[in-house]
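Quick notes on the structure that follows.
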2 protein chains.
Amino acid sequence: MSATITIKLNEKLFLRDPEQTELGKAIVKESIRLIDELGFEQFTFKKLAQQITSTEASVYRYFENKHKLLLYLVSWYWNWLDYRISYHTHNVTDAAERLQVFIKILAADPMKEPLTTFFDVEALARIVVLEASKAYLTKEVDNDNRAGLFRDYKSLCHKMALVVLEINPEYPYPHALVSTLFETTRKHLFFAQHLPSLTEVKLEQAGLTSLTSYLNHLAFSAIGTAVVNTQSKD
Amino acid sequence: MSATITIKLNEKLFLRDPEQTELGKAIVKESIRLIDELGFEQFTFKKLAQQITSTEASVYRYFENKHKLLLYLVSWYWNWLDYRISYHTHNVTDAAERLQVFIKILAADPMKEPLTTFFDVEALARIVVLEASKAYLTKEVDNDNRAGLFRDYKSLCHKMALVVLEINPEYPYPHALVSTLFETTRKHLFFAQHLPSLTEVKLEQAGLTSLTSYLNHLAFSAIGTAVVNTQSKD
DNA sequence: CTATTGATGATAGTATTGCTATTATTTCAA
DNA sequence: TTGAAATAATAGCAATACTATCATCAATAG
């Protein structure tokens, strides 16, 4: 059942919903390709418009500016992660096991995905590694936060924090630990590729076993429980 | 003994050494003030030149571009941290205790500092929190890395990794853990201030005890040793 | 005591960026 | 079929990220 789940994002992220029109989808699809190729700094609405043979003005009708577009893409990604995590854990009763599934998905382990998208999700995942921090590391954070633009990241974080508390109700840093896991995942994917002397994590295998191991180790030693030794069913 | 330790940075970070001239020092001092005030995106060499009543062209004679300037400032900061850590640990024999001093300094606990600077170090520390990630999260990382522009961060990381190994020679992720501690420190200082729902860390106290506690907890539970309960002597 | 070098300042210029505005054209729904 | 909405085409503007040229001034080397 390859359901087309519609990911519902905060309306303040865009001026016109890009999923509703062909042009909108072209903007999203091509912006992902271009940001992945050029990096966020070199990416401009003019270059994007050229690629989709449209105009800068048209792109501006969908997104206020490129920062909002980045926020849109990143939010979409967190929403997608949330969906995948729910999908793969909804019938896992043991909380520790659910946390492990969470980590496995975070670390980008390829799992059969029921959600098909009109754009390159792997490119988006690379964008999240390289650019996601820039979505909030600005002088505009507080305004953007008030506008609810980080809602998806925060709610996903909270959801996983509850799992941590289920494992150990006395654990004093559930949100901190989960956000650390999120940030650490991206940083170590990046380090493994570009600054390998900063980590023991290696990228060689598709399963990213060393990243998964490191994250499991960090999480479970902090929470104070041994890593559950269960093979997940997929 | 308030020694004026000269922090020696990679020469590729600048075109002309800013510490050698009055103009150079003015550039560094005022750029720290301006980046802290405006954020890195809104900061320009033109604005900087106006502040120091010099010209854009003169600034460009010291730094190739604003990205290199950021790299310079961030490298200076890591170097300064390195110096402080060495200073406060050189006669601490116990490795676990040295790691704790390291964490305490990382978390910006105010300690008597022997190094006096001609600019606002606290502003620089804020810049590191908000902007340091942008120094490497670019499409230019590999070039910058080849040019040795991350040398200071990497060597500091390695130094601390050796301390981790001294505590537990079997520990499989010393560099990963240390870089996680670095990144986590900055992220949680940021979260505590702007996205508090992502962390239990609070900023209220000068000593930042909650951040220090969280970092100690993360580090020592991962390494597999209890937190040493020693009051440091300062 | 020149003569030269090196650092700075003054000024100008250029391509690109990050928009906004106006008008024209197409589309498709009532 | 007509009218509203979406898009394209074009222009323009202030700011950014530089580069280049030339004049000035100070130190210092011969």
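Protein chains get the first letters and strands the later ones, always in sequence-line order, with residue 1 at the start of each. Side chains included, hydrogens not; waters and symmetry mates left out as well; all remaining heavy atoms used. Keep in mind it's a predicted model, so treat the numbers as computed, not measured.
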Using whole Å, what does the distance between atom [atom2] of nucleotide [N] and atom [atom1] of [X] come to?
X	N	atom1	atom2	answer
B/L69	D/dA17	CG	C1'	14 Å
A/K25	D/dT7	NZ	P	13 Å
B/F63	D/dC18	CZ	P	14 Å
B/L48	D/dC18	CG	P	14 Å
B/Y62	C/dA7	OH	P	8 Å
B/R61	C/dG9	CZ	P	8 Å

DNA chain D contacts made by residues 138-147 of chain A, counting heavy atoms under 4.0 Å: none
For B/F63 against B/P18, the heavy-atom pair lying closest together: CZ-CG, 3.7 Å
Results of side chain to side chain contact (heavy atoms under 4.5 Å, CB included) for B/A26 - residues two or more places apart only: B/I52
Pairs involving residues 117-157 of chain A, ordered by first then second residue, that meet ring-ring contact (aromatic ring centres under 6.0 Å, His included) (sequence neighbours left out): A/W76-A/F119, A/W78-A/Y153, A/Y136-B/F190, A/Y136-B/F191, A/Y153-A/F182
Sequence neighbours excluded - ring-ring contact (aromatic ring centres under 6.0 Å, His included) pairs with any residue from residues 26-56 of chain B: B/F45-B/Y60
Comparing A/S58 and B/A57 on DNA chain D - which has the more 5′ nearest nucleotide: A/S58
Residues in salt bridge (Lys or Arg N to Asp or Glu O under 4.0 Å) contact with B/R151, at least two apart in sequence or another chain: none
SB check B/R33 B/D120 (cutoff 4.0 Å): no
Ion pair check, A/E41 and A/K134, cut-off under 4.0 Å: yes
For A/Y62, all residues meeting side-chain hydrogen bond (donor to acceptor under 3.5 Å, both in side chains), sequence neighbours excluded: A/T21
With B/T55 via side-chain hydrogen bond (donor to acceptor under 3.5 Å, both in side chains) - residues at least two apart: B/S58
Phosphate-side-chain proximity, B/R16 and C/dA7, N/O vs OP1/OP2 below 4.0 Å: yes
Side-chain N,O (A/S54) to OP1/OP2 (D/dA8) below 4.0 Å: yes
Intra- and inter-strand pairs of DNA chain C in dot-bracket (Watson-Crick or G-U wobble, both distances under 3.5 Å; | for another strand): ||||||||||||||||||||||||||||||
Residues which pass ring-ring contact (aromatic ring centres under 6.0 Å, His included) with A/H67, listed by chain and number, not counting sequence neighbours: none
Short heteroatom pairs, N/O only, protein and nucleotides 23-29 of chain D, under 3.5 Å:
none

A/S179 (side chain) donor-acceptor with B/L198 (main chain) under 3.5 angstrom: yes
Heavy-atom donor-acceptor pair, B/D82 side chain to B/L156 backbone, under 3.5 Å: no
All pairs passing salt bridge (charged side-chain N to carboxylate O under 4.0 Å, His left out) where residues 185-197 of chain A contributes a residue, at least two apart: A/E183-A/R186, A/K187-B/E183
Steps toward side-chain hydrogen bond (donor to acceptor under 3.5 Å, both in side chains) verdict (A/H194, B/N145): CA-CA 8 Å; A/H194 300 289; B/N145 188 32; over 6 Å; no
Which atoms of nucleotides 15-19 of chain C (N or O only) lie under 3.5 Å from a protein N or O atom, and what are those distances?
from, atom 1, to, atom 2, distance (Å)
C/dT17, OP1, A/K47, NZ, 3.4
C/dC19, O5', A/Y60, OH, 2.8
C/dC19, N4, A/E56, OE1, 3.0
C/dC19, N4, A/E56, OE2, 3.3

